[in-house]
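We name chains A, B, ... by the order of the sequence lines, and we start the count at 1 in each one. Bear in mind the structure is a predicted one, so any value in this text is a computation, not a measurement.
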Protein chains: 2
Amino acid sequence: MAPPNAPTVYDVAERAGVSIATVSRVLRTPEAVKQSTRERVLAVVQELGYVPSASARGLAGRRTGALGLFIPGHEAIDDPVEAHATGTGVRIIDDRTGSASRHRGFRADYFDELLRGAELEAWRSGHALMIGAGRGDGSIDDLAGRVDGLAIVASTVSDEAVERLAARLPVVLLAGGRNELPVDHLAVDNRAGMRAVAEHALRVRGPGAVLVLAGPIDSPDAEERRQGVRDALAAHGARLDAQHDDGLFTRDRGRERTAEALAGGPLGAVIAANDQLALGALDALLDAGAAVPEQCVVTGFDGIEEARLARPPLTTVAQPMEALGRTAIRTLLARIAEPQRARSDERMPVTVVLRESCPPA
Amino acid sequence: MAPPNAPTVYDVAERAGVSIATVSRVLRTPEAVKQSTRERVLAVVQELGYVPSASARGLAGRRTGALGLFIPGHEAIDDPVEAHATGTGVRIIDDRTGSASRHRGFRADYFDELLRGAELEAWRSGHALMIGAGRGDGSIDDLAGRVDGLAIVASTVSDEAVERLAARLPVVLLAGGRNELPVDHLAVDNRAGMRAVAEHALRVRGPGAVLVLAGPIDSPDAEERRQGVRDALAAHGARLDAQHDDGLFTRDRGRERTAEALAGGPLGAVIAANDQLALGALDALLDAGAAVPEQCVVTGFDGIEEARLARPPLTTVAQPMEALGRTAIRTLLARIAEPQRARSDERMPVTVVLRESCPPA
DNA sequence: GCACCCAATGTAAGCGCATACAGTCAGAGT
DNA sequence: ACTCTGACTGTATGCGCTTACATTGGGTGC
């Protein structure tokens, strides 16, 4: 069922009555081979089911023909549906409320599109795409040995590792605000996007206080968004009665902090640094019986699918994930083509998506 | 920024004052090297930022250390949010109803988990995971040349291509009912799952007719599910007044057919072969003012996220996608370890998830 | 003190392919 | 008829690593 008898150039060459160089040429530079020869060789290739070894090709050609994308690792699995998968037969569970989340949120919503964009662009350029998920610097080394260029989602790997890798192959860093490293950098316009949505929220907010859920203090992205909120607050006149929370990027955090704030008085707006926090805020507001958006408007950031499907649909700032993926690959290709070009530091535009949770004025 | 000066074993060996064989041993079989030597070599590896070339290793070792997963290709991109991504700055759009879908449904909901499972398992076994998306037999050849084993989602590649590849390396076919090919096969228990959910639907159905949305006639999966419905109908007494539709797997199809059926009289149950169809049925029922589940119950199949978030939440049969991914890799590893083992043909269990659209009795 | 053995390391031979370089040969030019 | 040119094709080398086999040198047992 799986004999390790893969044919090589030698087999093809012998059978076609040519040298291995000709076989190689037929595959790499077909126009350099006489048509009759080419056809004969291709026929043998077909007949033998010959597939060139990427290893040999990579070694001889000093390039692997693959590009890498390194994303944060998966969370542990803890899924009631999945857990069953070890048994047999059919199991029936009661999940009437649809609460049995499959614990994937972040990954599926955020990275799948990135991956799609990257893969599409890699394919266009004739490269394969190899993805790796962050599980320590070791795993990225493994990836690095297999590719001609590497796109790394920020915060998955230490700065030192990035620098070390960058000395070996083209690297582009994705997202994250930092860009002190001597590598190409690609991010979204967190600050402007956040400012835009925050200004809108402040403009249409209800009568209560403003709550800012600003996210982790050690996240460069969160920091830029925080700055965007400051811009918006400043633009709306000196000091607002804004409450502020620095913390996790989780839905639970959003719910807790919003509930706490509500205990201190009515809220007129919740401005969250990501969609998870905003969804948590929605949870708390609905629990407390506060009408969204009539009494309190809510905004998020990221544009995950769950925000769209929330009730009410969540106003947010959509990141162009697919475009990010595409651009990351393009940046990589540009550097591969021209190693000495100036370090790029691109910002991708974002889109404020106005939905029911904070509708147009 | 990207000097092509990657250090090799020779550099490390020279600097550490050993032979390249010793360097290789330190990395492959550390226990075979004296501790003092090992430490000296590792120090140099660290210092030079040495990363072994996967190509050279693959060529010399006759294995790439990578496994492949081949999934259906991406759909064309047609996304109002994404389309903006070529400009700059911040754009604002009005999507109050949350209808600006990002056109990813299938991919994100279905394959991300598969990918996660596969990757997790590959990582555990010390393999890298390479994913490829179906764009013709050519692209899978490219993948095949890079990996030690290949998991292929059925219906992405022709049977001939699968056979050809299987002659070269271990292959496992995922999903799909067919299994005539001489390769390992892995699927879910479509029939039993469908029978279980259909029996439940028939048991709790409303007073109207039963509509079966059976999916494409050329899909092996759909055929198995169709059989499951037949089983359920038979178990519920000979002939039911069931209407039947064979066709696409899309939401629009579900909506259309359900609307047509409703025009002919009230429905008591809609049993769909996948979640997209079921969601379409929900659309049509809500349009028509039919109460779900009071008047008509609805069931789907797959367990995509959107089913959980639908209103009402959709009763469905969840596939253990992550477990499928894991098992696919395990199957591959088993065959790599023992090429002559018997062809495996495993069925994974499914979970009927009862939600509001067809609640427990 | 000598033959032996084993642990540690070195030597050398490829792995399958790309490619620089060296033919070969038919037709063009003189 | 002879050289020259260019289109094709063959020869030979090496990419960076793994690994079978050879070598070395210190114990061990007698």
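Counting heavy atoms from C-beta on, the side chains of B/V172 and B/H185 never come closer than 4.5 Å.
Counting only N and O atoms by type, the side chains of B/D184 and B/T331 include no donor and acceptor under 3.5 Å apart.
Contact check on A/D142 versus A/R146 returns a salt bridge, with a Lys/Arg side-chain nitrogen under 4.0 Å from an Asp/Glu carboxylate oxygen.
Every residue meeting the side chain to side chain donor-acceptor pair (under 3.5 Å) condition with A/R330, not counting sequence neighbours, appears here in chain and number order: A/E121.
B/R25 contributes a side-chain N or O that forms a donor-acceptor pair with the base of C/dG10 under 3.5 Å.
Taking a 4.0 Å limit (strictly below) on heavy-atom distances, residues 26-56 of chain A reaches DNA chain D at A/V33, A/K34, A/T37. Within a heavy-atom distance below 4.0 Å of DNA chain D, the residues of residues 7-21 of chain B found are B/T8, B/V9, B/Y10, B/I20, B/A21.
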Mind running salt bridge (Lys or Arg N to Asp or Glu O under 4.0 Å) on A/E322 and A/R326 for me, showing each step along the way? CA-CA 6 Å; A/E322 180 155 347; A/R326 284 207 303 260; 3.7 Å; yes
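Atom CG of B/L59 is separated from atom C1' of D/dC17 by 8 Å (rounded to the nearest Å).
Here the CD1-CG distance, from B/I329 to B/L120, works out to 10.0 Å after rounding to the nearest 0.5 Å.
Counting heavy atoms of neighbouring residues, nucleotides and ligands inside a 6.0 Å radius, atom CZ of B/R40 exceeds 12 of them.
Here the nucleotide nearest the side chain of A/T22, chosen from D/dG10, C/dC17, C/dG16, is D/dG10.
For B/S24, no side-chain nitrogen or oxygen approaches OP1 or OP2 of D/dC17 to under 4.0 Å. Residue B/R62 places no side-chain N or O under 4.0 Å from the OP1 or OP2 atom of C/dC15.
The two atoms that bring A/L169 and A/V147 nearest to each other are CD2-O, 3.5 Å, heavy atoms only.
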